[in-house]
Amino acid sequence: MTDSLITETADRLMADHVTPAAVRALAAGGSPAALWAGLAESGFLDALASEDVGGAGLSEMDMLPVLLAAGRHALPLPFGATIAARAAIAAAGETAPEGISALAASGRREGGRLIAQVPAGEHAEAVLVPDGDGAILLSVASATVEAAGDGTVCRMVWNGANGPRIAGFDVLATGARIEAAEMAGAMEAMQVTTLRYANDRSQFGRAIGKFQAVQQQLSVMTELVHGARAAVHVAAAAPGSLEATAAAKVTVGEAAAQVVAIAHAVHGAIGMTEELDLHLLSERIRRGRLRYGSERHWAERLGQAVLASDQPTLLDFVRTRVFR
């Protein structure tokens with residue numbers, strides 16, 4: 001499957017099923033069943049799994065267009081997380097559960113309890129929770145669940161949690177790459193929306209996009225969006241590089257803050273109305289920045305790696321540890 005074919009298929013899939021009305025319905029507490037059924041029928045759920053277990057054997061780079069498309073449509077369901085979870089579970093020789101799976105951003109044991117923070121967990125039926133040097137697969141039905149962080153995550157608690165172990169699977173890093181890619185996609189859609197508005201909206205007899213001050217803002221936005229896209233490409237090409245993952249989450253998160261600010265500034269007063277679809281992208285980006293480690297968390301991880309490195313210069317570190 002070529003990159004262009006995957007891109008076209010993913011864009012068509014999201015356009016058909018992930019409409020602004022569907023996203024708003026989920027935010028209002030609606031059921032994800034109909035939307036998820038449409039996504040599941042696409043065949044993407046097992047795209048990362050090897051052909052030996054019935055998957056397509058695609059790489060993270062192959063699947064990047066799917067995550068970007070999901071971000072462009074502000075998909076609130078853990079589609080990318082389910083794809084990654086199913087591949088990891090199958091590689092461990094276990095049977096992946098049906099339905100939606102999520103990746104927990106953290107997990108800790110307190111006595112006989114396992115406590116996890118799960119992005120988009122309110123929609124999931126199963127969760128991969130970090131546990132030691134791998135992860136443990138748990139059912140949401142056996143946990144107590146409550147929303148936390150203004151809808152950013154769900155706090156789940158299991159008593160006597162037991163489930164299949166998935167050795168060597170870095171849940172946090174995988175989740176960070178997925179989140180960064182979907183945020184980059186949301187930023188792309190925000191750029192397109194803002195450019196269209198700047199060309200359509202007239203003030204003083206001319207399109208506001210003709211004013212130099214607005215053009216300067218749009219130029220900065222374009223630079224930031226392309227930089228974010230490049231960062232997630234590097235991370236997808238080297239999923240085993242924690243440094244590339246960290247660089248992507250930091251780059252995308254920092255750029256996102258500026259892109260959102262510019263988009264709302266160019267839209268002016270109408271940008272403050274919730275009826276505008278721009279808000280769906282803004283909300284998706286807000287949650288993405290907080291999930292699977294903030295920019296500060298990943299900047300600290302990256303800084304620690306630099307200090308521990310034996311590379312003679314920072315450029316050498318970037319060349320050998322980020323651009324593999």
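In this chain, residues are counted from 1 in sequence order.
Contact record, A135 with L128: CB-CD2, 4.2 Å, taken as the closest heavy-atom pair. Considering all non-hydrogen atoms of both residues, T7 and P65 come closest at OG1-CB, 3.3 Å.
We find the CG-OG distance between D16 and S42 to be 11.0 Å, quoted to the nearest 0.5 Å. Note that the CZ atom of R206 and the CZ atom of F211 stand 4.5 Å from one another [nearest 0.5 Å]. Taken from OG1 in T82 to CG in L103, the straight-line distance is 8.0 Å, to the nearest 0.5 Å. Put simply, CD1 on I115 and CZ on R108 are 4.0 Å apart, with the number rounded to the nearest 0.5 Å.
Remark: side-chain polar atoms of D131 are not paired, donor with acceptor, to backbone N or O of G134 under 3.5 angstrom. Formation of a donor-acceptor pair under 3.5 Å by the R201 side chain with backbone atoms of A207 is not found in this model. The main-chain N or O of I270 is found under 3.5 Å from a side-chain atom of T273 such that the two form a donor-acceptor pair. Distance alone, capped at 3.5 Å, is enough to place a donor-acceptor pair between the R24 side chain and the E275 backbone. No donor-acceptor distance shorter than 3.5 angstrom exists from the side chain of S309 to the backbone of A305, with no hydrogens or angles considered. Side-chain atoms of W298 never come within 3.5 Å of backbone atoms of A176 as a donor-acceptor pair (strictly under, hydrogens ignored). Remark: side-chain polar atoms of R289 are paired, donor with acceptor, to backbone N or O of G253 under 3.5 angstrom.
Side-chain N/O atoms of R287 and T152 include no donor and acceptor closer than 3.5 Å. Side-chain N/O atoms of T222 and Q191 include a donor and acceptor closer than 3.5 Å.
Screening E295, M187, E179 for a side chain to side chain contact (heavy atoms under 4.5 Å, CB included) with V252, the sole residue that qualifies is M187. For the side chain to side chain contact (heavy atoms under 4.5 Å, CB included) with L35, the qualifying choice from T19, L75, V23 is L75, the only one to do so.
In this structure, H267 has its ring center at least 6.0 angstrom away from the ring center of H279.
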